[in-house]
S.K.: 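Supplied in structure tokens, the structure appears directly below.
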Amino acid sequence: MIDFRYHVVSIIAVFLALSVGLVLGASFLKEAAVSGLDQSVQDLARNNEGLRREVDRANAGQRYLNGIMGTVGPELTKGRLAGHKAVVVALPGADTKLADSTVKLLDGASATVTGQVSVKGQWTDPKRENELVTALGANALTFPTGSATERAAKVLAGAITEKMPPIQSGGSTPGGSTTPPASGAPATGAPASGTPATGTPGSGAPSGTGTTSAPPAGGANAGQPPGTGTATPGTHNAQAATEALTRLKEAGFIDVKDNPAVGADMVVVIAPSGATSGDDPGRTNNAYLALARALDGGDNGTVMAGTASAAQENGVIWALRRNDQTAKAVSTVDTADTPVGQVAVVWSLVVEDKQGTSGQYGTTGTTDGPLPELPKKETP
């Protein structure tokens, strides 16, 4: 009993000592602790205010620069693309306002804008690969190798640019099937719409017969009499291009505005904003890069334009810049939503056309600077 009481008293004494220590410590240290915390809060507030002023100055400087470029930019791009035809291709997730402003930009640079093509998300859906190939109709035989999106990219490029192998008329309707012809026999399929026409492909491509819609106004090219649907090898067939675009549109893979089927010699691809999403962003980005390369193969210059977010990890511009094959062929601008970036888009097209070289311009990651260097005779 004596030992137990001793331990109880000892424990009580320890707790009393702790309590007294806490009371005494709090009373003596309270003022110093509060004073120190107040000083820290004041220092953080001053630092925060300083950083806020720096941000405000930077934003003011950016607004000032944008104001200047907004004034002189149109003069820097005016007439630069005279004599050229351009088409705008918007990838899934691209800002529609940026696409529309790009059309105005190209128009201000004196390019003839043939139209816009909006690629839908179904383009890269692996579950719809068979449907995508079927929607290509007889042109699936013109481009028989590669993945579904690679083959579709070449058909789309052939429909809206001038230098790809000619797109041919005919083939089955979307949702049907395309049967490869026997040796020496033409490919045939269900009619799409309109009056009969015959398409003659380029060298080495199988021929096809079928029906097509009436040619767009002004869509006939040299070597292609209006209404015949026949193109000489190497000649853009606007009538067959219209049919190819209609098939892809009706199958749900693209939307079309105005008349891109007349063919263009310059292309601006509008990149999606932000990182590419989905289960396999790498596969999706590769499909977009294949489309960019196909478009570049059919024109005199291709630029992928977007915002800084598209140049961040897993964005399309980010992926393009890391792909040597595509970066050597296609230019990029990651500031296309700014006046400086708009000048960069036009100047990039000029450089691609005159010098045949690509460049990467903007502010995110490793770039070649804010603007390309124009050829001497093109310098303002």
Side-chain angles (χ1 to χ4, degrees), residues 66 69-70 73-74 76-77 80-81 84-109 111 113-119 157 160-161 257 260 264-276 285 288-296 299-312 314-323 326-353 357-372 374:
N66 287 341
M69 291 303 298
L76 294 175
T77 59
R80 296 287 178 185
L81 303 179
H84 292 282
K85 292 186 292 183
V87 62
V88 175
V89 177
L91 297 178
D95 187 346
T96 56
K97 292 182 179 179
L98 181 56
D100 291 339
S101 67
T102 301
V103 171
K104 294 180 181 178
L105 171 69
L106 296 171
D107 183 67
V113 181
T114 61
Q116 298 182 55
V117 175
S118 298
V119 179
I160 65 176
T161 63
K257 185 177 181 180
D265 64 326
M266 290 184 169
V267 180
V268 177
V269 181
I270 307 299
S273 300
T276 301
N285 280 336
Y288 296 153
L289 300 192
L291 176 57
R293 290 193 301 271
L295 292 167
D296 186 74
D299 63 23
N300 295 328
T302 302
V303 175
M304 182 175 287
T307 63
S309 62
Q312 296 174 355
N314 282 334
V316 179
I317 291 180
W318 174 86
L320 191 154
R321 291 173 175 175
R322 293 166 63 90
N323 185 295
T326 314
K328 290 178 181 178
V330 179
S331 297
T332 61
V333 176
D334 65 35
T335 53
D337 56 334
T338 69
V340 175
Q342 292 171 358
V343 174
V345 169
V346 173
W347 284 17
S348 295
L349 290 171
V350 172
V351 171
E352 292 232 359
D353 176 49
T357 57
S358 63
Q360 318 307 319
Y361 309 104
T363 60
T364 305
T366 301
T367 68
D368 297 319
L371 292 168
L374 288 174

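What's counted below: heavy atoms across the whole structure, side chains too, no hydrogens, waters or symmetry copies. For this chain, numbers begin at 1 and follow the sequence in order.
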S.K.: Would you mind reporting whether L349 and V268 have side-chain heavy atoms less than 4.5 Å apart?
M.R.: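 V268 vs L349: side chains touch.
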S.K.: Under the 3.5 angstrom rule, does the side chain of W347 hit a backbone N or O of L76 as a donor-acceptor pair?
M.R.: yes
S.K.: How far does CG of L289 sit from CD1 of I317, to the nearest 0.5 angstrom?
M.R.: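 Rounded to the nearest 0.5 Å, the CG-CD1 separation comes to 11.0 Å.
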S.K.: When K85 is tested against each of V267, I160, T161, T114 for side-chain contact (heavy atoms from CB on, under 4.5 Å), which residue passes?
M.R.: T114
S.K.: From N314 CG over to N285 CG, what is the distance, rounded to the nearest 0.5 angstrom?
M.R.: 6.5 Å
S.K.: Any idea which heavy atoms bring T302 and A292 closest together, and the distance?
M.R.: CG2-O, 4.2 Å
S.K.: State, to 0.1 Å, how close D299 and M266 come at their nearest heavy-atom pair, and which atoms those are.
M.R.: CB-N, 3.9 Å
S.K.: Flag the pair V103 / K257 as yes when at least one side-chain heavy-atom distance between them is below 4.5 Å, and no otherwise.
M.R.: no
S.K.: Could you tell me which non-hydrogen atom of S309 sits nearest to which non-hydrogen atom of G274, and how far apart they are?
M.R.: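 Result for this residue pair: OG-N, 2.9 Å.
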S.K.: Do L295 and V269 touch side chain to side chain, with heavy atoms closer than 4.5 Å?
M.R.: yes
S.K.: Closest heavy-atom contact between S331 and S348?
M.R.: CB-CB, 4.2 Å
S.K.: Measure the OG1-CE distance between T332 and M304 for me, rounded to the nearest 0.5 Å.
M.R.: 8.5 Å
S.K.: Within the 3.5 Å criterion, strictly below it, is a donor on H84 or D353 matched to an acceptor on the partner's side chain?
M.R.: yes
S.K.: Hey, are the side chains of P260 and Q116 touching, using non-hydrogen atoms and a 4.5 Å cut-off?
M.R.: no
S.K.: When you look at I270 and D95, which way does the side chain to side chain contact (heavy atoms under 4.5 Å, CB included) test go after all the steps?
M.R.: CA-CA 8 Å; I270 307 299; D95 187 346; 5.7 Å; no
S.K.: Check R321 against T364 and note the closest heavy-atom contact, atom names and distance.
M.R.: NH1-O, 3.0 Å
S.K.: So, taking the atom named CG in D265 and the one named CG in N300, what distance separates them when rounded to the nearest 0.5 Å?
M.R.: 5.0 Å
S.K.: For L98 versus S101, what's the shortest heavy-atom pair and its separation?
M.R.: O-OG, 2.9 Å
S.K.: Working to the nearest 0.5 Å, report the span between CG of L105 and CZ of R80.
M.R.: 12.5 Å
S.K.: Which distance, rounded to the nearest 0.5 Å, do you find between the OG of S358 and the CD of E352?
M.R.: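 One finds 5.5 Å between OG of S358 and CD of E352.
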S.K.: In the structure I gave you, are the side-chain heavy atoms of T367 and Y361 within less than 4.5 Å of one another anywhere?
M.R.: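 They are not in contact (no side-chain heavy atoms under 4.5 Å apart), so the answer is no.
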S.K.: So, Q342 and T77: side-chain donor and acceptor under 3.5 Å apart, yes or no?
M.R.: no
